[in-house]
Amino acid sequence: MLPTENVMAGPQGEALASYIQAKQAASPIRTFRNMNHTQPPPRTAATQPESALGFQPRNRDAWRVLGRLITLTLILLLPQINQGLNGFFQRISTSASERDRRASQIPAPLHVAGNQLLNSVNRPVLLRGANRSGTEYACINGPRVSDGPSDVQSLQAMRAWGLNAVRVPLNEDCWLGINGVAIGGAVYRIEVKRFVLRILAAKMYPIIDLHISAPGGRKAVSQQSMPDEDHALAFWRSVGRTFGHNDAVIFDLFNEPFPLHNAGSIAAWQCWRNGCVETAEGSLPYRAAGMQSLVNAVRSSGATNVLMLGGVQFSNSLSNWLSFLPKDPLSNLVASQHFYNYSGCDDLACWNTTTARVAARLPVIAGEVGDTDCTISNTARILQFFEQHRISYLAWNWGTNFGCQSLIQGYDGTPTQPYGQWFHDWVLHAIGANIRARPLSTYFNNVGVVADGRQVTCGFDDQSYCYSNNALDSSGLSFGASILFNHSRFSWHTQAGMKDNVVAAGQTVTISPILPGATVLNIIGAATHGPARGTLLLRYSDGTTKSAPVDFSDWTLLRDNAPVEPEPGNTILAKTTFRDKSDGTTQRFATYIYGISIPIDKTRTLVSVRLPILPQAINSPQLHIFALQTARA
């Protein structure tokens, strides 16, 4: 609410006072006494008119006294009347800009407390979002500030995914209007500000990121190894003045530093914090601004926003982040780390020794997470770790022109397969929302069967081993073969070299066909790296849910290179005598495919099942599913 002012002090108050005075002057008694005519003759009791209340006035002086009392009462009540009408006039006179300001404050302001991001009522906030690329490159040559829509509808599509944060990459030259960019200066800044206000109004947290920069008179068209002293300090002072009034906006000071030719040395960290003369990527030497200078620039503008600082080696390394942490008078700093399938820190050991260590001291936001190989292998592993350690993350990228790195096929939020679909489902599961189930085949993300002698991408486990199509043919599982298992009849539609199974990671799968009165859910699959155990979430047509354990045996029936018996409840459906490798060779190694049955409530109708969410670290057990179906057993 806006502060209430005395309505009598302004033009509206003067109008209200005149109105009340006019009403007082028009009272029946005052009007009668000022009429320029003789008094009417006295009336007798017989001719006296009856009042509206049903009694006869007998004394005009009494009525005059009553009128004066009413007038005095109105005067005494005037402050209360003013106060009530004040709120009314304030509401109807609120300007469009004021409404925008109120809307922009929908997400609560953020601050750092220990290793958590807290809002204004000191509740922890975990960011799950996406990068909205376009504002960092489209402005260079125009004709628009961004690539793709930045309207309310496109943001509502992001919100429908359960996202609560949007990282907005900016271009240094476009923001400052220098070096001959097509769209820059005030035009660019106004459009970015409007976009940020729309993000806030959509109940998401904006993250402003200095993404593209260049020193001197060179046009900012690509990533630099470090921010330049020529423009970066001016950029952040200006951004601080623009958004510093709203602590729901986060500042990411520089995208992916890689000083001293992408070194991870102490010298690189010193450059990261204090600046240095930089010549990375064969560029002409320029004076790089360190993170301390950027922090100082933001704070000199009066901005109190939370600041993100990405580590070295393209923000993937946090090895010495705590040791070289800049000083902030507000202690409002968080670490930023980027993770891709090609990143150096890509296993659980590294995450525990760097990411988790920093996250125990200060908040960590993974500013970019993604896969460039059209799989979800990296994303599935790292996001499980983030949720366990309460680390915020933003996927790259909410756009349609980034190939395998695109989350969406269209700005209406239609997800790509499998990357976008998986991330969509993951976030909605993480926030506890119901999601639309999909057929199992739409989730297939793994090639399990290949033809002998073919060099193909094959990775049923992490060592590039797969089932042999020829060996499966010999065991009775040729393409189109019928498999009868516990009253379910499956058709084996696996073709060599095609994605034919899904690695379980929380996907929600439709049951097809839906079978009322079914008593079991039958599943065909196998595990890698030992037996895989997890929990299914069964959803019935009446909206009820129930958890059920699932346990698959390793596809080789080996543990520590010694043979073992199948896990309880596992039925061997097929056995081969050898397996294939992605290089086209074979290996004498028995492999198996199993069937398991999960009891279900026959008084309800099963319509979907959510697959288990298993740890996705390298060499951890993984559950592969080829098919599932209900049956009346």
Side-chain angles (χ1 to χ4, degrees), residues 129-151 154-155 158 165-196 198-199 206-228 230-232 234-236 238-239 242-243 250-258 280-283 286 308 310 314-315 336 338 340 367-372 394-411 416 420:
N131 286 263
R132 177 62 181 91
S133 185
T135 42
E136 76 274 35
Y137 62 83
C139 60
I140 294 295
N141 298 312
R144 299 194 304 171
V145 167
S146 186
D147 185 6
S150 58
D151 55 11
S154 66
L155 292 171
M158 300 183 79
V166 182
R167 186 167 177 255
V168 183
L170 298 188
N171 185 290
E172 183 178 80
D173 286 3
C174 295
W175 181 271
L176 296 174
I178 59 176
N179 294 332
V181 295
I183 302 177
V187 173
Y188 182 85
R189 292 192 295 269
I190 289 171
E191 286 302 311
V192 169
K193 183 175 181 180
R194 288 174 176 170
F195 185 39
V196 169
R198 286 193 287 270
I199 293 171
I207 299 176
I208 303 299
D209 156 47
L210 175 52
H211 205 87
I212 301 295
S213 61
R218 292 161 45 194
K219 188 178 290 187
V221 295
S222 62
Q223 288 185 227
Q224 300 297 310
S225 59
M226 283 287 288
D228 56 277
D230 296 335
H231 312 305
F235 171 90
W236 278 116
S238 176
V239 171
T242 303
F243 298 109
I250 299 174
F251 297 163
D252 190 349
L253 295 186
F254 191 73
N255 177 64
E256 298 187 345
F258 54 100
E281 299 299 296
S283 64
Y286 67 94
M308 290 170 59
F314 293 92
S315 291
S336 176
H338 291 189
Y340 287 95
E368 293 182 17
V369 180
D371 282 274
T372 61
L394 294 97
W396 184 276
N397 173 26
W398 188 273
T400 60
N401 56 350
F402 284 81
C404 291
Q405 300 176 68
S406 292
L407 290 167
I408 54 173
Q409 301 178 45
Y411 286 95
T416 56

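Side-chain atoms are counted along with the backbone in the values below, which use heavy atoms only and exclude waters and symmetry mates. For the single chain, residues carry numbers from 1 onward in sequence order.
With hydrogens and angles ignored, the 3.5 Å screen pairs a side-chain donor or acceptor of S315 with a backbone N or O of E256. Under the 3.5 Å distance criterion, the side-chain polar atoms of N131 are matched with a main-chain donor or acceptor of A395. A donor-acceptor contact shorter than 3.5 Å is absent between the side chain of S213 and the backbone of P227. At least one donor-acceptor pair under 3.5 Å links the side chain of D230 to the backbone N or O of G216. Between the side chain of Y137 and the backbone N or O of I212 there is no donor-acceptor pair closer than 3.5 Å. Side-chain atoms of T416 come within 3.5 Å of backbone N or O of L407 as a donor-acceptor pair. D173 places a side-chain N or O within donor-acceptor distance of the main-chain N or O of A220, the cut-off being under 3.5 Å. Listed for the W175 side chain is no donor-acceptor partner under 3.5 Å among the backbone atoms of R189. Side chain of T400 to backbone of G410: no donor-acceptor contact under 3.5 angstrom is found.
Atom CG of L176 sits about 7.0 Å away from atom CZ of F235, to the nearest 0.5 Å. Here D228 contributes atom CG and R218 contributes atom CZ; the two are 9.0 Å apart, rounded to the nearest 0.5 Å. Atom-to-atom distance recorded for N179:CG and H231:NE2 is 5.0 Å, nearest 0.5 angstrom. Distance check: E368 CD to N255 CG gives 5.0 Å after rounding to the nearest 0.5 Å. Between R132 atom CZ and N397 atom CG the span is 7.5 Å, to the nearest 0.5 Å. Note that CH2 of W236 and OG1 of T242 are 10.5 Å apart. Values are rounded to the nearest 0.5 Å.
In this structure the side chain of I140 reaches within 4.5 angstrom of the side chain of C174, judged on heavy atoms. With contacts defined as side-chain heavy-atom distances shorter than 4.5 Å, the pair M308/I207 qualifies. The closest side-chain heavy-atom distance from W398 to M158 is below 4.5 Å. Counting only heavy atoms from C-beta outward, the side chains of D209 and V168 never approach each other to under 4.5 Å. At a threshold of 4.5 Å between non-hydrogen side-chain atoms, the residues L170 and L210 do not count as touching. Between F254 and S225, every side-chain heavy-atom pair lies at or beyond the 4.5 Å cut-off. Contact check for I208 versus V196: side-chain heavy atoms found under the 4.5 Å cut-off.
Nearest approach of G399 to Y411, heavy atoms of both residues: CA-OH, 3.6 Å. Closest non-hydrogen pair, G142 versus A182, comes out as N-CB, 3.6 Å. When all heavy atoms of Y188 and N171 are compared, the closest pair comes out as OH-N, 3.2 Å. Annotation for M226 and P257: closest pair SD-CB, 4.0 Å, computed over non-hydrogen atoms. Closest heavy-atom contact between S406 and N401: OG-N, 3.7 Å. Of all the heavy atoms in P149 and S154, the pair that sits closest is O-OG, 3.6 Å.
Every residue two or more places apart in sequence or in another chain was checked for a salt bridge (Lys or Arg N to Asp or Glu O under 4.0 Å) with R144, and none qualifies.
If you look at W396 and Y340, their ring centroids are not closer than 6.0 Å.
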Audit row: R167, D252, salt bridge (charged side-chain N to carboxylate O under 4.0 Å, His left out) steps and yes/no: CA-CA 9 Å; R167 186 167 177 255; D252 190 349; 3.0 Å; yes
Derivation of the side chain to side chain contact (heavy atoms under 4.5 Å, CB included) call for S146 and T135: CA-CA 4 Å; S146 186; T135 42; 3.7 Å; yes
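Using cut-offs of 30° and 60° for the angle between ring planes, the F258 and F314 rings count as parallel.
The pair R198-D151 fails the salt-bridge criterion, with no side-chain N (NZ, NE, NH1 or NH2) lying under 4.0 Å from an Asp/Glu carboxylate O.
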